[in-house]
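Below you'll find the structure, written out as structure tokens, and then a few comments.
Side-chain atoms are counted along with the backbone in the values below, which use heavy atoms only and exclude waters and symmetry mates. Treat the numbers as computed from the prediction; the structure is a model and nothing was measured.
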Amino acid sequence: MQQDASIIFQIAGIGIVVAMIHTILKQMGKEEYAQFITLVGFIIVLMMVIDSIADLFQQIKSIFLFQG
């Protein structure tokens, strides 16, 4: 259960940092870079979520198929 909360806080931290960088770049007039940073942040979070979902499916598979 502790890892679940850790992942939530990591995603929130990445979101806050990306939002700050996006705002700074947008105020500087660098909208293209701001969108790129947002996309990179989204991809990083997506990879974290996909990894967690893969672990979840592996645990479900081991429970229902009785594999170790």
Side-chain angles (χ1 to χ4, degrees):
M1 186 71 175
Q2 187 174 2
Q3 185 178 1
D4 295 336
S6 173
I7 290 174
I8 291 172
F9 287 126
Q10 287 176 354
I11 291 171
I14 290 171
I16 291 169
V17 170
V18 166
M20 287 174 31
I21 294 172
H22 179 84
T23 302
I24 291 169
L25 288 172
K26 194 165 184 179
Q27 286 179 354
M28 292 174 57
K30 309 276 185 183
E31 282 98 18
E32 296 86 15
Y33 292 121
Q35 289 178 351
F36 180 71
I37 292 296
T38 304
L39 180 63
V40 168
F42 175 74
I43 290 171
I44 291 171
V45 169
L46 187 63
M47 296 301 286
M48 291 171 58
V49 170
I50 287 174
D51 189 41
S52 297
I53 290 174
D55 290 341
L56 174 66
F57 283 143
Q58 186 63 33
Q59 288 177 358
I60 291 172
K61 183 179 174 182
S62 68
I63 289 172
F64 287 113
L65 297 178
F66 303 108
Q67 296 176 352

Subject >> Listed partners of Leu46 passing side chain to side chain contact (heavy atoms under 4.5 Å, CB included), at least two apart >> reply: Phe42, Ile50

Would you tabulate the side-chain donor-acceptor contacts of residues 28-41 under 3.5 Å, counting partners in other chains and residues two or more places apart, or write 'none'?
{"from": "Thr38", "atom 1": "OG1", "to": "His22", "atom 2": "ND1", "distance (Å)": "3.0"}
{"from": "Thr38", "atom 1": "OG1", "to": "Ala34", "atom 2": "O", "distance (Å)": "2.9"}

Original post:
Do the side chains of Ile7 and Val17 join up, straight or via other hydrophobic residues, at under 4.5 Å, putting them in one cluster?
Top reply: yes

Original post:
Taking atom CG of Asp55 and atom CD of Gln59, what is their separation to the nearest 0.5 Å?
Top reply: 6.5 Å

**OP:** Identify, with sequence neighbours excluded, every residue that meets side chain to side chain contact (heavy atoms under 4.5 Å, CB included) alongside Met20.
**Re:** Ile16

Subject >> Shortest non-hydrogen contact from Met48 toward Ile11 >> reply: CE-CG1, 4.0 Å

Subject >> Shared hydrophobic cluster for Ile21 and Ile43 (ILVMFWY, side-chain gaps under 4.5 Å) >> reply: no

